[in-house]
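Counting starts at 1 for both ligands and their atoms, following the listed order.
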Amino acid sequence: MRIEIENQPYASIQADALVTYVFDKEDKLDGVLSEMDRGMDGHLAALAGSGELTGKALELVLVHFPQGFAAKRLLLVGAGKPGKFNASDLRKIAGAALRYLKTRGVKTVAFLAREGERGPAEAQAVVEGLIFADFESDTYRTEKKSNREIQSVALAGFDGGPGSILAGAVERAQIIAESQNFARELINEPSNRLTPRMLAARADAMAKEVGLSCEILDEKKISELKMGALLGVAQGSVEPPRVIVLRYTPSTHRAEAPVLGLVGKAVTFDTGGISIKPANNMEKMKYDMGGGATMLGVMRALAFLKPSVPIIAVIPATENMPGARAQKPGDVQVAMSGKTIEVINTDAEGRLILADGIFYARKLGCTHLIDAATLTGAIEVALANVNVGAFGTPREFLDNFLESAKAVGEKMWPMPIDDEYEEMIKSNIADIRNTGSGKGGGAITAAWFLKEFAEDTPWIHLDIASTCWVDEGRPWLAKGPTGVAIRSIIDFAMKM
Ligand code: BES
Ligand code: ZN
Ligand code: ZN
């Protein structure tokens, strides 16, 4: 999909469809809409009068052969109440428009920004929304719906000062949204086509393409490093584990600059192990590598965006299988840090592999940590599929991160991590156990388990178990992998 910047008035813009948006307010047809309405002999006013055009959020009204337009169609997208309208709404509006027009044989689109905020940040949101919405889960369809491709989108009505500022915003949006889609493609892969070794190969290929350094630790190296918690999970599978280490180093940086560590859970399939999961929905556990894919998407974007601090991604990758050699409930594993872990439930494997991932990231010199993981079913109980559960210490570090999430339109909610929860992961025979007390707070005790390995390093944990994948599409989002958290982490890294 080509993105162009257009400077013509609406009437002369050539396109299969021209898209703009309408607010839900008394005077719907102000500004450019009233101009359009005059050219259309009051046709828009009539639509508004009949109740067909209300401006309700994401309402879609398509007008064919609009009078006074060079474009063949006019698509009006509802923008909701003007009071709380922001760039995040524009992202969704652009996405919803693209997904609607795609199914109608439209090839060329123009997106017209209205009065109000329409600078580079808004242009960036629109382009992100377009590319993100264009994602299809069709890797394994033999008949692709290629007749549904939008070839170009022209951005009109944006003011970015000198043209290059707007062009820069468009380029940033392309990098970010394409990196999100890169991660979504990985998350979609079934486990027979994305084993830990194959994930490592994909990461390595991506790193070469964008100029990151990539080191893959194999099972031998993992044993030498004594990553006992990761090995405990991996021992049930014939597929060997891998640890993927990607590095971004800025061309110059202060000696005392922080080093950001990004740790992602990559269980390429989670059967539960000996504590096996029920068959119903088990196929979805191919997306249990979503946290790892998130960090790969972030690193891909950062390779282009070039933050000013060094970034190291550490992605432990394994299957969680039952098998003759699988770890068993009650087993004790020694993590790389030396802490001993009683494995009460082999299905709580994510925290085990992250324990070694987090500790290793600190060993490599990371001064600040973010982890992302499809960690617990309990986070769905707490927050449904609306918010990512965000944990972290110190609180100020988490609050800064939540500012980034808000700025890029990703919903995240701060979760508590009081000391009382730490009691719940004490073991009778080892230092800690890998499940809570069974009396609730499952997402929090899981976070506390990770904190045992992050210790005093400023750390953020994102439980994306309920938000990494959606079973039902939304107007701006295909069903399947969402790529959530990638934009927030990128934004945060760029501000460090
Ligand atoms: N991968 C799952 C968590 C999950 C559940 C992700 C649903 C996506 C959707 C994780 O490894 C797991 O099984 N967690 C257990 C932990 C429990 C045994 C303490 C859970 O949440 O049930
Ligand atoms: Zn599990
Ligand atoms: Zn899991």
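- On a distance-only criterion, Thr435 and ligand 1 share no N/O pair closer than 3.5 Å.
- In terms of protein heavy-atom proximity, atom 16 (C) of ligand 1 is closest to Arg351 NH2, 3.7 Å.
- Here Asp134 pairs with Lys102 in a salt bridge; the nearest charged N to carboxylate O distance falls below 4.0 Å.
- Here the heavy atom of the protein found nearest to atom 20 (C) of ligand 1 is Gly377 N, 3.8 Å.
- Residue Asp270 has at least one N or O atom closer than 3.5 Å to an N or O atom of ligand 1.
- Counting heavy atoms under 4.0 Å from ligand 1, residue Tyr287 touches it through the side chain alone.
- Nearest to atom 8 (C) of ligand 1 by heavy atom, out of Glu349, Met285, Lys284, Lys265, is Met285.
- Under the 3.5 Å distance criterion, with hydrogens and angles disregarded, a donor-acceptor pair is assigned to the side chains of Glu189 and Tyr140.
- At least one test fails for Arg362 against the ring of Phe453: distance under 6.0 Å to the centre or angle within 45° of the axis.
- Without hydrogens or angle criteria, Arg99 side chain to Ala133 main chain gives a donor-acceptor distance under 3.5 Å.
- Glu349 contributes atom OE2 as its closest N/O/S atom to the Zn ion (ligand 3).
- Per residue Asp288, closest N, O or S atom to the Zn ion (ligand 3): atom name OD2.
- If you take CD1 on Ile432 and CZ on Phe449, they are separated by 4.0 Å, rounding to the nearest 0.5 Å.
- When heavy-atom distances to ligand 1 are checked against a 4.0 Å cut-off, Glu380 has no atom that comes that close, whether in backbone or side chain.
- Taking every heavy atom of Asn345 and a limit of under 4.0 angstrom, the matching atoms of ligand 1 come to 18 (C).
- The proximity of Asp347 to ligand 1, defined as any non-hydrogen pair under 4.0 Å, involves the side chain as well as the backbone.
- In this structure a side-chain-to-backbone donor-acceptor pair under 3.5 Å is present from Asp356 to Leu230.
- Any N or O atom pair closer than 3.5 Å counts here, and Lys277 shares at least one such pair with ligand 1.
- A donor-acceptor contact shorter than 3.5 Å is absent between the side chain of Asp418 and the backbone of Glu420.
- Remark: the backbone N or O of Val388 is not paired with any side-chain donor or acceptor of Thr467 at under 3.5 angstrom.
- Aromatic ring centroids of Phe391 and Phe401 lie 6.0 Å or more apart.
- Relative ring orientation between Trp469 and Tyr287 is described as parallel, the plane-to-plane angle staying below 30° on a 0-90° scale split at 30° and 60°.
- Geometrically, ligand 1 and Ala465 share no nitrogen or oxygen pair separated by less than 3.5 Å.
- Among the backbone and side-chain atoms of Lys265, an N, O or S atom lies under 2.8 Å from the Zn ion (ligand 3).
- Asp270 contributes OD2 as its N, O or S atom closest to the Zn ion (ligand 2).
- Protein heavy atom closest to atom 14 (N) of ligand 1, with residue, atom name and distance, is Leu375 O, 3.5 Å.
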